[in-house]
Structures are given as structure tokens and as C-alpha cells.
Visitor: 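Please read through the structure below; I'll follow up with questions.
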Amino acid sequence: MESVLKSRLGMFCAALALVAVSGASAVADEVADRAKDPNLWAAPGGDTQLTRHSRLKDINTTNVGKLQMIWSQSSGTLRGHEGQPLVVTVDGTPMMFMESGWPNIVQGLDLSDPDHPKTIWNYKKTTDRDDSAVPRACCDTVNRGMSFADGKVVFGTLDGFVIALDAKTGKEDWVVKHAFPAKGETITPAPIIANGKVIIGFGGDEFAARGRMTAYNLADGKKIWECYSTGSDKDVCLTPDTNKAHPEYGTAGKDIGISSYPGDEWQRGGGAAWGWYSFDPELNLLYYSTGNPGLWSPSYRCKAKTHEECNDGTQDNKWSMTIFARKIDTGEAVWAYQMTPFDQWDYDGINENMLEDLTVDGKKRKVLIHFDRNGFSYVLDRTDGTLLRANKYVTANWAEKIDLKTGRPVKVKEHSPFGPNGNVQACPSAMGGKDQQPCAIDPSEPGMAYCPTNNWCMEDEPQERAHTQQGTVYVFANVYMYPEKPGTTGKFKKFNVLTGETVWEIPDAYPNWGGALVTDGGLAFYGDLLGDFRAVDRKTGKILWQRRLGSGIIGNPITYKIKGHQYVSVWSGIGGWIGLPVTAGLDLSDKFGAIGATAMTKAANLDKIPMGGTLYTFRVD
């Protein structure tokens with residue numbers, strides 16, 4: 001009898017496991033299938049490969065001059081508006097979902113009449129809010145969007161909640177507390193949904209946070225796995241197989257997420273994943289990158305006393321500034337590559353990891369393309385982390401090059417801040433060759449990327465450390481930023497990631513802090529901080545159309561098609577780190593304010609730009 005019961009119990013458990021796997025597979029297929037429909041914008045990057053490419057071509061190089069604004073919608077808030085809306089179908093109804101920055105107002109719009117959308121619900125969490133998240137958000141109260149699957153809209157709030165709403169009604173399905181502002185943690189990234197899991201990190205490296213990524217069950221919000229960026233091998237989810245193809249990147253067995261920091265500094269070691277996340281459904285791998293290793297006064301993050309000793313490979317502050325490839329179902333790290341070991345400039349590594357298939361040196365490769373804050377564009381084999389290319393895409397004098405054999409940068413000491421009160425010049429500035437503003441790629445144009453860039457430098461003077469308290473500003477550096485070339489603070493460029501060639505570029509007097517969109521109509525779309533939204537001929541770089549919007553643009557354009565018309569939408573609303581002096585009303589006479597942003601605001605006349613919070617939508621009329 002006992003054996004029969006055990007047999008039946010085993011069959012029952014196996015059946016439950018099969019149902020769970022089948023459910024996750026169904027959600028994975030749903031997300032992938034929806035992203036294949038060019039009429040929708042189904043994920044933050046359009047797809048889980050973060051291409052920001054659309055096959056739509058109704059709007060093209062011949063008719064884009066007739067593009068007109070059709071409707072606009074307020075977010076209900078001011079300050080910075082990064083990110084983008086989603087466009088999906090819910091029970092046959094075309095819907096748009098959009099989220100503001102703090103206090104994170106979400107709206108559901110019925111697009112059945114696409115020229116006159118109707119708001120059918122809106123949502124704002126009203127209980128257990130934590131206003132202390134606002135001053136603890138290092139770089140404005142922004143949000144980078146939401147994800148959708150299984151009839152749920154899922155997003156994060158600045159004060160640390162991850163929320164799933166019923167897409168039809170806007171009612172809460174589940175709510176979990178994910179990040180804790182008292183520990184320096186605030187949510188600005190959009191989650192990714194893959195294999196029935198909601199995966200998300202948070203920001204907070206400038207407030208002594210300790211970065212981690214967490215996977216929640218899409219069905220009910222229960223935690224599935226959690227992996228830290230610093231700490232023991234177990235905490236980081238390293239295994240004996242991690243970096244098997246490239247042990248020079250670091251391996252399990254020595255807890256280097258602890259030993260590569262002095263004392264207990266790893267507990268404040270940053271590495272927050274506050275950027276973008278991508279997913280390869282064939283390899284079943286999640287890709288994301290981590291931020292800076294806490295305080296900006298580098299010598300406090302090293303056991304040794306000199307620049308040379310701190311760059312000998314033992315004090316790398318693992319696993320900050322790292323591209324992770326993790327198994328989506330368990331979080332186990334397959335490979336991890338650190339771009340800027342022992343960071344001395346705040347070159348957060350969180351920028352997007354775009355997935356593409358390329359022929360490199362005569363061999364077909366599944367690659368990952370990453371334009372880092374440090375000024376280098378990286379191409380890696382995404383199956384095992386092999387570094388294939390690392391080319392400068394902006395002026396970068398902090399390093400001569402990236403050694404392709406070791407993966408390590410060849411640093412230039414005279415441009416490398418180190419001890420307190422030593423003023424050092426470096427390019428790019430801490431805001432990077434580009435920050436989180438995402439590039440776009442088109443798989444039919446292999447190796448080419450369309451990118452907004454920052455073109456300024458800095459003087460960085462580390463300071464004495466005054467405390468080690470989480471949740472309190474943890475920077476300790478005076479940073480002054482300035483344009484590399486007077487009159488040009490940003491560019492939009494077409495860049496060959498294999499050769500390092502800039503095919504064409506458009507210089508701009510105003511920073512380009514918004515993302516890119518490319519379409520099969522031969523167009524690339526982007527906007528600048530003055531508020532000019534542009535369509536560019538992808539072949540020549542010629543600006544074919546532009547319109548001035550109500551505020552600066554730091555959002556990412558999307559495109560979709562309903563009832564025979566293609567539409568293009570983009571957020572307007574100055575903010576982010578670059579616009580923080582405007583949105584927070586800071587004193588521009590303090591050239592070190594907002595960790596250098598006030599000087600750039602003054603140099604680029606950003607204080608003359610009004611705040612906003614409006615989504616603008618266009619079509620050819």
C-alpha cells in the first residue's frame with residue numbers, strides 16, 4: 001500500500017512540475033510571439049533582445065516629411081520621463097500602457113480609435129508609500145517602463161514595490177516589496193518577463209546599496225531566485241562552471257566578490273542592476289550589467305596604497321561593472337565579464353546588452369553588443385563570454401585600449417583618479433560616452449548600431465570618506481563636467497561595432513539623453529534635451545523631419561500600427577541625471593552640484609527648458 005501511495009504521489013508531483021514548466025513555456029512563447037508582431041511594441045526594447053527595431057515601413061524616407069502630431073497624453077507628473085510605453089492587444093483590444101516617474105502613475109489606454117485613445121483606467125499606489133525614496137534617487141525620480149505577459153502589466157515604483165496589475169481593469173493582482181530606500185535602494189528600471197518570471201534589480205550605488213537581481217513568479221509574485229552582485233560565490237550564484245571558457249574573468253572557489261574589496265566594503269559595494277535586461281530564449285540565458293562599486297573615492301575600495309597595486313587584478317571590486325549571463329530558471333551565472341575592474345570614474349556598466357547574430361572573423365556567432373559608459377563598444381560571444389571586439393566610440397583617454405586576450409583595460413594613470421584631493425582630468429565624464437539611453441540595431445544590417453552619445457569630459461577630485469551609512473549619499477568626490485568641444489554636448493551616430501568606424505554622426509548643441517528607434521522605412525528616430533524630435537535617413541544621416549516638443553526628450557521612441565496607420569510615440573520631460581539640476585531646482589553656481597550635472601546644465605543652457613511629462617504621438621496625415 002505504501003509503495004502505491006508513493007507511486008501516486010510521485011506521479012502527482014511530476015504532473016504539477018509539468019504544469020509549472022508548461023505554464024512558464026507558454027508565457028515564454030507568448031512574449032516571443034507578441035514581439036514578432038511588428039504592429040505592436042510588446043516589450044521595453046520592442047523585443048527581449050533589445051533591438052529597438054521595427055519592421056514597419058509605412059512611414060519612410062519619402063513621406064516622413066508629412067508626419068504630424070495626432071494626439072498627446074499627460075503622465076500626470078513632471079520631472080524626468082525616461083522609458084517608453086507598451087502597445088499590445090488584450091482580448092482583441094489594442095491597448096497602450098504608460099507609466100510616469102514618481103509617484104508612478106500607470107494608465108491603460110484603449111486604442112480602438114487610434115487617433116482618439118480613451119483612458120479606461122489609471123492606477124497609483126496609495127498605501128505604504130515611502131517619500132524618502134525621492135531624495136535617495138541619485139539621478140532623478142525617473143522610471144524606464146513596464147512589461148506585459150499573461151494579461152498582467154508589471155512595473156516597479158521608485159520606493160521599491162514591484163506590482164502586477166490586471167491589464168483589463170488596472171486592479172492589483174499582486175504586490176511585493178523588492179527594494180528598500182533606507183538601504184539606498186530605489187527602483188527605476190523596467191522589469192523583464194521571461195519563462196514565467198518577472199526579473200528586476202534596482203539603483204542605489206551612490207547611496208551605499210548592495211546590488212542584487214531577483215526573479216519573481218509571474219503568476220503570484222513569489223520569489224524564485226535572488227543573486228547578488230557582491231559577496232560570496234553562493235550569494236553571487238557562481239558555480240564551478242561559471243566562466244568555464246574564460247577563467248581569466250574570475251571563477252568560483254575564492255569568494256572574490258568579498259576578497260576584491262577591503263574589509264566589509266563589499267557590503268556597500270554597489271553593482272546595482274538599474275539598466276536594461278535582455279533574454280535569449282534559445283540559450284535560456286538572461287543578460288544584464290551592473291553598476292559602480294559604491295563610493296567614488298577609489299582608494300577606499302582597495303587594500304593597497306598605490307594605483308598600480310590596486311590594478312593588479314586582486315582589487316577589482318567584483319562583480320561591479322560586470323555583464324552577467326545567467327540561467328533564467330535558476331539565476332546561476334554561466335559567465336561574467338567585468339568591463340571596468342577597480343572603477344575609478346563611475347563608469348556604471350548598466351547599459352543595454354543587444355543580442356544579434358553576426359559573422360565575426362569568418363565565423364558565425366551569437367553575439368552581445370554593449371556600448372559602455374567607459375567609452376568602449378564591446379562585442380562578446382553571448383554563449384560563453386568570449387570578447388571579440390572592444391572599440392572606442394567616443395573620446396576615451398582613461399585607457400589606451402582593451403586587451404582582447406585578458407579582457408582588461410590598459411589604464412592611463414594620469415587620467416585615473418585615485419587618492420583624496422588629487423584632481424584628475426578624464427574623458428568621457430562620469431556620465432559616460434552614453435548613459436542608459438539605449439542604442440538600436442537592425443538584424444538585417446549586421447554590425448551597425450544607431451546610438452545617442454554624450455560628448456563631454458570631467459575633472460574628478462576624490463574626497464575623504466566621511467561615513468559608511470547605507471541610505472545616505474555615498475560618493476565623496478568633487479566632479480566638474482564640461483563639453484569636450486564647445487558648442488557640442490551630444491551626437492547621434494551610426495557606428496560599426498566590428499570595425500570601430502563611425503559611418504556618420506550628427507553633432508548637437510544639446511545632450512542626447514533619449515534612446516533610438518530604427519525602422520524598415522529607412523529611418524532612425526531620436527530626440528534631444530532641447531525637445532527636438534527627429535527622423536533621420538539611416539543611409540546618409542540626413543535629418544528628414546523634426547518637431548519641437550514641450551520639454552526636453554530623455555524617453556525612447558516606439559512605433560506601432562493600428563487600422564492601417566503607423567504611429568510613432570515618445571515621452572517629453574527633461575530630467576535624468578543630466579536634467580536633475582532643472583527638475584530639483586539646484587543652484588547652478590555650484591559647479592559640483594548633482595555630482596557634476598550643474599556645470600553641464602549651465603554649459604548647455606538646460607535651465608531654460610521647461611519641465612514636462614507628456615507622451616506625443618505622430619502619424620503621416
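The model shown is predicted, which means the values in this text are computed figures rather than measured ones. Residue numbers count from 1 along this sequence.
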Visitor: I want to check something: taking the side chain as every heavy atom from C-beta on, are T214 and K223 in contact at a cut-off of under 4.5 Å?
Guide: yes
Visitor: List the residues meeting ring-ring contact (aromatic ring centres under 6.0 Å, His included) with F476, not counting sequence neighbours, and say none if there are none.
Guide: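 Result, ring-ring contact (aromatic ring centres under 6.0 Å, His included) vs F476: H467, Y474.
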Visitor: If you take all heavy atoms of P438 and P452, which pair is closest and at what distance?
Guide: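 For P438 versus P452, the nearest heavy atoms are O-CD, 3.9 Å.
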Visitor: If you apply the rule salt bridge (Lys or Arg N to Asp or Glu O under 4.0 Å), what do you find for K327 with E332, and how did you get there?
Guide: CA-CA 5 Å; K327 294 180 180 180; E332 294 176 12; 3.5 Å; yes
Visitor: Describe, in one word, how the ring planes of F148 and F97 are oriented to each other, choosing from parallel (under 30°), tilted (30 to 60°) and perpendicular (over 60°).
Guide: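 Rings of F148 and F97: parallel, as their planes differ by under 30°.
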Visitor: Once you round to the nearest 0.5 Å, how far does CG of L380 lie from CD1 of I323?
Guide: 5.0 Å
Visitor: Please determine whether a side-chain nitrogen of the Lys or Arg among K318 and D316 lies less than 4.0 Å from a carboxylate oxygen of the Asp or Glu.
Guide: yes
Visitor: Could D346 and R373 be called an ion pair, given the rule that one side-chain N must be under 4.0 Å from one carboxylate O?
Guide: yes
Visitor: Examine distances only and state if a side-chain atom of W102 and a backbone atom of A133 form a donor-acceptor pair shorter than 3.5 Å.
Guide: no
Visitor: Do D205 and W274 have side-chain heavy atoms sitting under 4.5 Å apart?
Guide: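 They are in contact (side-chain heavy atoms under 4.5 Å apart), so the answer is yes.
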Visitor: Could you give the distance from CZ (F342) to CG (N311), rounded to the nearest 0.5 Å?
Guide: 6.0 Å
Visitor: With a 3.5 Å distance limit and no angle check, can you tell me whether S260 reaches the backbone of I256 through a side-chain donor-acceptor pair?
Guide: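 It does hold such a pair.
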Visitor: Any side-chain heavy atom of W513 sitting closer than 4.5 Å to one from K434?
Guide: no
Visitor: Do the side-chain N and O atoms of S297 and R465 include a donor-acceptor pair separated by under 3.5 angstrom?
Guide: no
Visitor: Using a 3.5 Å distance criterion without hydrogens, assess whether the side chain of D255 forms a donor-acceptor pair with backbone atoms of S232.
Guide: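 No, the answer is negative, given that no donor and acceptor are paired below the 3.5 Å cut-off.
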Visitor: Tell me if a side-chain donor or acceptor on R382 pairs with a main-chain N or O of V367 at a distance below 3.5 Å.
Guide: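 Yes; at least one donor-acceptor contact below 3.5 Å.
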Visitor: Would you say the side chains of T188 and R144 form a donor-acceptor pair under 3.5 Å?
Guide: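 Their side chains do contain a donor-acceptor pair, which is all the 3.5 Å distance test asks for.
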Visitor: With sequence neighbours left out, what residues match R136 under salt bridge (Lys or Arg N to Asp or Glu O under 4.0 Å)?
Guide: none
Visitor: S289 and N353: side-chain donor and acceptor closer than 3.5 Å?
Guide: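 On atom types as modelled, these side chains qualify, holding a pair under 3.5 Å.
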Visitor: CG/D348 to CG/D372 distance, rounded to the nearest 0.5 angstrom?
Guide: 9.0 Å
Visitor: Near K411 NZ, under 6.0 Å, is it more than 12 heavy atoms from other residues, nucleotides or ligands?
Guide: yes
Visitor: NZ of K303: more than 12 outside heavy atoms within 6.0 angstrom?
Guide: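 Yes, because the 6.0 Å sphere around NZ of K303 holds more than 12 heavy atoms from other groups.
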Visitor: Under 30°, 30 to 60°, or over 60°: which ring-plane class applies to Y249 and Y337, parallel, tilted or perpendicular?
Guide: tilted
Visitor: For D173, what residues pass the salt bridge (Lys or Arg N to Asp or Glu O under 4.0 Å) criterion, not counting sequence neighbours?
Guide: K152
Visitor: Under 3.5 Å, is there a donor on one side chain and an acceptor on the other for N284 and N195?
Guide: yes
Visitor: With distance as the sole criterion, is a donor-acceptor pair present between the side chains of Q437 and N556 under 3.5 Å?
Guide: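 On atom types as modelled, these side chains do not qualify, holding no pair under 3.5 Å.
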Visitor: Mind running salt bridge (Lys or Arg N to Asp or Glu O under 4.0 Å) on R129 and D159 for me, showing each step along the way?
Guide: CA-CA 7 Å; R129 301 310 299 269; D159 54 342; 2.8 Å; yes
Visitor: Hey, what do you get for CH2 (W335) to OG1 (T242), rounding to the nearest 0.5 Å?
Guide: 12.0 Å
Visitor: Sequence neighbours excluded, which residues qualify as disulfide bond (SG atoms under 2.5 Å apart) partners of C302?
Guide: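 Residues passing disulfide bond (SG atoms under 2.5 Å apart) with C302: C310.
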Visitor: For K366, does the NZ atom sit with more than 12 other heavy atoms under 6.0 Å from it, leaving out its own atoms?
Guide: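 Enclosed: over 12 neighbouring heavy atoms sit under 6.0 Å from NZ of K366.
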Visitor: Could you tell me if the ring centre of Y347 sits under 6.0 Å from that of W398?
Guide: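 Yes - the distance between ring centres of Y347 and W398 falls below the 6.0 Å cut-off.
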Visitor: Looking at side-chain heavy atoms only, is the closest gap between E82 and Q436 below 4.5 Å?
Guide: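 The answer is yes, as the side chains (C-beta and beyond) meet within the 4.5 Å cut-off.
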Visitor: Please, which pairs that meet ring-ring contact (aromatic ring centres under 6.0 Å, His included) have at least one residue in residues 194-225, sequence neighbours excluded?
Guide: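 Non-adjacent pairs meeting ring-ring contact (aromatic ring centres under 6.0 Å, His included): H178-F202, H178-Y216.
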Visitor: Do T239 and D241 have side-chain N/O donor and acceptor atoms under 3.5 Å apart?
Guide: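 No, because no side-chain N or O of T239 sits under 3.5 Å from a partner of the opposite role on D241.
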Visitor: How long is the span from the CG atom in L165 to the CH2 atom in W174, to the nearest 0.5 Å?
Guide: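 Here the rounded value is 10.0 Å.
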Visitor: Would you say the side-chain atoms of E248 pair up with the backbone N or O of T406, donor to acceptor, closer than 3.5 Å?
Guide: no
Visitor: Just checking F495 against F371, ring centres under 6.0 Å apart?
Guide: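 Centroid distance F495-F371: below 6.0 Å, so yes.
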Visitor: Only pairs at least two apart or in different chains count here, so list each disulfide (SG to SG under 2.5 Å) that has a residue in residues 317-351.
Guide: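 Sorted result for residues 317-351: empty, none.
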Visitor: Tell me the disulfide (SG to SG under 2.5 Å) pairs involving residues 187-251, sequence neighbours left out?
Guide: C227-C237
Visitor: Could you tell me if E206 and N292 have a donor-acceptor pair between their side chains, going purely by distance under 3.5 Å?
Guide: yes
Visitor: Taking the basic N atoms (NZ, or NE/NH1/NH2) and the acidic carboxylate oxygens, is any pair closer than 4.0 Å for R408 and D403?
Guide: no
Visitor: For the residue pair T157 and P103, establish whether any side-chain heavy-atom pair is separated by less than 4.5 Å.
Guide: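 Not in contact.
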Visitor: Under 3.5 Å, is there a donor-acceptor pair between the T340 and N374 side chains?
Guide: yes
Visitor: Side chains of Y277 and E352 only: does a donor on one sit below 3.5 Å from an acceptor on the other?
Guide: no
Visitor: Using the salt bridge (Lys or Arg N to Asp or Glu O under 4.0 Å) criterion, which residues pair with K125? Sequence neighbours excluded.
Guide: none
Visitor: List the residues meeting ring-ring contact (aromatic ring centres under 6.0 Å, His included) with Y288, not counting sequence neighbours, and say none if there are none.
Guide: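 So Y288 forms a ring-ring contact (aromatic ring centres under 6.0 Å, His included) with F324.
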Visitor: Taking ring-ring contact (aromatic ring centres under 6.0 Å, His included) as the definition, give me every residue that meets it alongside W571, ordered by chain and number, with sequence neighbours left out.
Guide: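 Result, ring-ring contact (aromatic ring centres under 6.0 Å, His included) vs W571: H81.
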Visitor: Between W296 and D343, does any side-chain donor sit less than 3.5 Å from a side-chain acceptor?
Guide: no
Visitor: Assess whether atom NZ of K177 is packed by more than 12 heavy atoms of other residues, nucleotides or ligands within 6.0 Å.
Guide: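 Enclosed: over 12 neighbouring heavy atoms sit under 6.0 Å from NZ of K177.
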Visitor: Determine the minimum heavy-atom distance between P293 and Y261, stating which atoms define it.
Guide: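 Smallest heavy-atom distance, with atoms named: CB-OH, 3.8 Å.
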Visitor: For the residue pair M96 and W41, establish whether any side-chain heavy-atom pair is separated by less than 4.5 Å.
Guide: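 Result no, sub-4.5 Å side-chain heavy-atom pair not found.
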Visitor: Can you name the salt bridge (Lys or Arg N to Asp or Glu O under 4.0 Å) partners of R212, sequence neighbours left out?
Guide: E185, E226
Visitor: Donor-acceptor pair, distance only, cut-off 3.5 Å: does the side chain of T386 make one with the backbone of D384?
Guide: no
Visitor: How long is the gap from CZ on R79 to CG on D140, to the nearest 0.5 Å?
Guide: 4.5 Å
Visitor: F279 pairs by side-chain contact (heavy atoms from CB on, under 4.5 Å) with which of T48, D47, V31, I199?
Guide: T48
Visitor: Measure across D329 and I224 and return the closest heavy-atom pair with its distance rounded to 0.1 Å.
Guide: O-CG2, 4.2 Å
Visitor: Run the disulfide bond (SG atoms under 2.5 Å apart) test against C439 and tell me which residues pass, sequence neighbours left out.
Guide: C451
Visitor: Under 4.5 Å between any side-chain heavy atoms of L387 and I402, yes or no?
Guide: yes
